[in-house]
Amino acid sequence: MTQYWLMKSEPDEYGWDDLIAEKEGTWDGVKNAQASNNMKKMKVGDQVFFYHSRQGLEIVGIMEVSEEQFPDPFDDTGRWIAVKVKPVRKLNKAVPLKEMKQNPKLANLAIIRQTRLSVAPVTADEWEEILAMAA
DNA sequence: GCCAACGTTGGC
DNA sequence: GCCAACGTTGGC
């Protein structure tokens, strides 16, 4: 069964265009237990929304997991892991956080309930709802 | 740029 | 092992 996720990045640091340029990106530098646990559950083929935090505050595209957890190459402690992702497609219309907050069907969305969580699960229903908003 | 939320660290 | 201090994230 395909699982759905949402991952945040500041576009200044690493944005959608950077992922496109790289063709396959390494999602590293996640140093938060909850976010890391979510990354450990990811399987190849899982679908992931790419959200721009700080600047943009919107979901800009869809990517998919291309490699499951491996040790974060930039982490000296050995505690943290990374995954690899490939771009699937850019959304026709970016979906702003503001609109998601206004949508009652998305009231339980993990990133709304817990702002600072940078890697969060998305249910199949929420996934469909957000896709509909991007149409 | 500010500050609330929240995770981590370190002194006791 | 507790909890105050500190650091980081991310919406505003």
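Proteins get letters first, then strands, A, B, ... in listed order; numbering begins at 1 in each.
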Whole angstrom value for the distance that separates [atom2] of [N] from [atom1] of [X]:
{"X": "A/Tyr51", "N": "C/dG10", "atom1": "OH", "atom2": "P", "answer": "9 Å"}
{"X": "A/Ile111", "N": "C/dC12", "atom1": "CD1", "atom2": "P", "answer": "11 Å"}
{"X": "A/Asn32", "N": "B/dT8", "atom1": "CG", "atom2": "P", "answer": "7 Å"}
{"X": "A/Leu57", "N": "C/dT9", "atom1": "CG", "atom2": "C1'", "answer": "13 Å"}
{"X": "A/Gln55", "N": "C/dC12", "atom1": "CD", "atom2": "P", "answer": "14 Å"}
{"X": "A/Trp80", "N": "C/dT8", "atom1": "CH2", "atom2": "C1'", "answer": "13 Å"}
{"X": "A/Glu58", "N": "C/dG10", "atom1": "CD", "atom2": "C1'", "answer": "15 Å"}

How many angstroms lie between CG in A/Leu131 and CG in A/Leu91, if you round to the nearest 0.5 Å?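 If I round to the nearest 0.5 Å, the distance is 7.0 Å.
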Same apolar cluster: A/Val44 and A/Val119, side chain cutoff 4.5 Å: no
For the backbone of A/Asp12 and the side chain of A/His52, can you confirm whether one donor and one acceptor N or O come within less than 3.5 Å of each other? no
Is there a donor-acceptor pair closer than 3.5 Å between any side-chain N or O of A/Asp72 and the backbone N or O of A/Trp80?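 No; zero donor-acceptor contacts below 3.5 Å.
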Below 3.5 Å is the cut-off: list the nitrogen or oxygen pairs between protein and nucleotides 1-6 of chain B, distance only.
| residue | atom | partner | partner atom | Å |
| --- | --- | --- | --- | --- |
| B/dA5 | N3 | A/Arg116 | NE | 3.4 |
| B/dC6 | O4' | A/Arg116 | NH1 | 3.0 |

Only one of A/Glu64, A/Glu24, A/Met7 passes side-chain contact (heavy atoms from CB on, under 4.5 Å) with A/Val85; say which it is.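 Among A/Glu64, A/Glu24, A/Met7, the one that satisfies the side-chain contact (heavy atoms from CB on, under 4.5 Å) with A/Val85 is A/Met7.
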Heavy atoms of other groups near A/Lys105 NZ, more than 12 under 6.0 Å: no
Could you tell me whether A/Lys31 contacts a base, only the sugar-phosphate backbone, or nothing, with contacts defined as non-hydrogen atoms closer than 4.0 Å? nothing
Under 4.5 Å between any side-chain heavy atoms of A/Asp75 and A/Asp28, yes or no? no
Given side chains that start at C-beta, do those of A/Phe49 and A/Tyr4 come closer than 4.5 Å, heavy atoms only? no
Run A/Trp5 and A/Tyr51 through ring pair (Phe, Tyr, Trp, His ring centres under 6.0 Å) and show every step you take. CA-CA 11 Å; A/Trp5 308 97; A/Tyr51 176 84; over 10 Å; no
Here the residues of residues 97-104 of chain A within 4.0 Å heavy-atom distance, strictly under, of DNA chain C are A/Leu97, A/Lys101
